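These values consider heavy atoms only, across backbone and side chains, with no hydrogens, waters or symmetry-generated copies. Owing to the predicted nature of the structure, the values given are computational and were not obtained by experimental measurement.
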Amino acid sequence: MNTNSNTYTVIYSIILVVIVAAVLAFAAMFLKPTQDANVKKDTIGQILTAATFPGVEDAAILDTYKQEIESAILVDINGETVGTLDIEECEVYGNSDLKRQITADPKALPVYIFKNGVTVVPCYGAGLWGPIWGYVGLEQDLKTIKAVRFGHKGETPGLGAKIADEPSFAEAFVGKTVGDGEVIFEVTKPANRQTENNGVDAISGATITSQALGKTLDQWFGFYKNYFAKNAAGCCCDQPCEDVVVEEVVAEVEPENTVEE
């Protein structure tokens with residue numbers, strides 16, 4: 001075959017593309033179990049931080065989780081248990097699982113209950129440039145926040161990314177409470193705060209991301225409202241503590257590209 005012909009060039013290019021695609025597909029398939037394991041470990045590390053076990057060494061994360069957790073369950077919007085997560089297998093809900101629960105009907109919402117009395121619940125929503133998520137550790141009253149850990153996919157470094165990187169922001173949540181009024185929780189500018197105990201100030205220069213986080217927390221605390229009411233410390237488990245009506249709010253999970261204020 002004439003190596004200078006157009007036919008040779010086309011055939012050579014096709015063969016090269018096929019070989020490269022095959023190699024990349026094999027590499028992706030080969031590495032996927034390791035990638036999935038790392039994502040699970042990172043998720044569990046965030047849950048442990050919210051459960052007041054921060055700074056656990058990477059190699060000890062899974063063992064610490066199995067040693068410290070008492071139960072991991074799934075509940076519906078009425079606060080009833082509808083399933084369990086396998087503790088020995090370190091089964092947890094990842095971001096894709098949480099995203100599905102926003103619009104799922106019926107819902108299966110994860111609850112992580114630790115031996116130290118802290119209960120951890122997740123949240124997931126849309127930030128400024130991509131998804132944001134978090135884990136909130138609650139005291140036995142299922143109302144007072146003990147610790148939090150937030151994460152994001154693409155928020156601006158030094159601005160919106162501070163929801164995950166700024167220790168003082170996470171510390172501001174400690175001691176705050178989950179409300180039971182129209183506003184369950186909010187993160188906004190001080191001048192716009194409607195509540196005192198169930199809200200924190202937005203990060204300066206990252207108002208949009210902060211408010212998005214507040215809306216996400218407000219929505220997910222609403223999902224768990226019946227569970228909180230029925231399982232708070234001191235509650236009679238045979239009877240509901242109160243008749244709680246939860247209106248499900250379906251939020252868009254795709255972010256709008258706007259500019260931080």
Heavy-atom distance under 4.5 Å between the side chains of [X] and [Y], does that happen here?
X	Y	result
Asn38	Asp42	no
Ile184	Asn198	no
Leu213	Phe169	yes
Pro110	Leu98	yes
Gln219	Cys123	no
Phe223	Val121	no
Val174	Ile145	no
Lys99	Trp133	no

Check: For Leu74, which of Leu85, Thr84, Leu109 qualifies under side-chain contact (heavy atoms from CB on, under 4.5 Å)?
Finding: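 Exactly one pass, corresponding to Leu85.
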Notebook entry, point to check: Can you name the one residue among Tyr135, Phe114, Tyr112 that meets side-chain contact (heavy atoms from CB on, under 4.5 Å) with Leu48?
Noted result: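 Exactly one candidate clears the test, Phe114.
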When you measure from the side chain of [X] to the backbone N and O of [Y], does any donor-acceptor pair fall under 3.5 Å?
X	Y	result
Trp220	Pro122	no
Arg149	Ala164	yes
Thr209	Gly127	no
Glu186	Gln194	yes
Asp97	Gly94	yes
Lys146	Ala50	no
Glu155	Gly160	no
Lys143	Val178	yes

For [X] and [Y], work out which heavy atoms get closest and say how close.
X	Y	answer
Gly151	Ile163	O-CD1, 4.1 Å
Gln67	Lys115	O-NZ, 2.8 Å
Ala206	Ser210	O-OG, 2.8 Å
Tyr93	Thr43	O-CG2, 3.9 Å
Lys176	Val200	CG-CG1, 3.9 Å
Thr49	Ala147	O-CB, 3.8 Å

Margin query: Could you see if Val82 belongs to whatever hydrophobic cluster contains Tyr227? Use Ile, Leu, Val, Met, Phe, Trp, Tyr and a side-chain cutoff under 4.5 Å.
Written below: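 Yes, Val82 connects to Tyr227 through the hydrophobic network.
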Next item on the list: Indicate, with yes or no, if Val10 and Val18 share a hydrophobic cluster defined by side-chain heavy-atom contacts under 4.5 Å among Ile, Leu, Val, Met, Phe, Trp and Tyr.
Entry: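 Shared cluster, yes.
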So how far is it from [X] [atom1] to [Y] [atom2], rounded to the nearest 0.5 Å?
X	Y	atom1	atom2	answer
Gln211	Thr188	CD	OG1	4.0 Å
Lys162	Thr156	NZ	OG1	11.5 Å
Asn192	Thr207	CG	OG1	9.0 Å
Ile61	Ile44	CD1	CD1	8.0 Å
Glu139	Thr119	CD	OG1	10.5 Å
Ile69	Ile87	CD1	CD1	5.0 Å

Next item on the list: Give a yes or no on whether Glu68 atom CD has more than 12 heavy-atom contacts from other residues, nucleotides or ligands under 6.0 Å away.
Entry: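 Buried by this count: over 12 neighbours within 6.0 Å.
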Note to self: How about NZ on Lys66, more than 12 heavy atoms from neighbouring residues, nucleotides or ligands closer than 6.0 Å, or not?
What the structure shows: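 Yes, the 6.0 Å shell around NZ holds more than 12 heavy atoms from other groups.
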Next item on the list: Apply the test ring pair (Phe, Tyr, Trp, His ring centres under 6.0 Å) to residues Phe150 and Phe173: give CA-CA distance (whole Å), side-chain angles for both, the deciding distance (0.1 Å), then the verdict.
Entry: CA-CA 11 Å; Phe150 300 119; Phe173 285 81; 5.1 Å; yes
Margin query: Classify the ring geometry of Phe185 against Phe221: parallel below 30°, tilted from 30° to 60°, perpendicular beyond 60°.
Written below: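 Answer is perpendicular, since the angle exceeds 60°.
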Notebook entry, point to check: Does the distance from a Lys or Arg side-chain N to an Asp or Glu carboxylate O, for Glu80 and Lys230, drop under 4.0 Å?
Noted result: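 A salt bridge links Glu80 with Lys230.
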Check: Is a salt bridge present between Asp218 and Lys215, judged by a nitrogen-to-oxygen distance below 4.0 Å?
Finding: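 No, no charged N to carboxylate O under 4.0 Å.
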Check: After noting the C-alpha distance and the side-chain angles of Tyr224 and Val111, does the key distance pass the side chain to side chain contact (heavy atoms under 4.5 Å, CB included) rule?
Finding: CA-CA 9 Å; Tyr224 285 103; Val111 179; 3.6 Å; yes
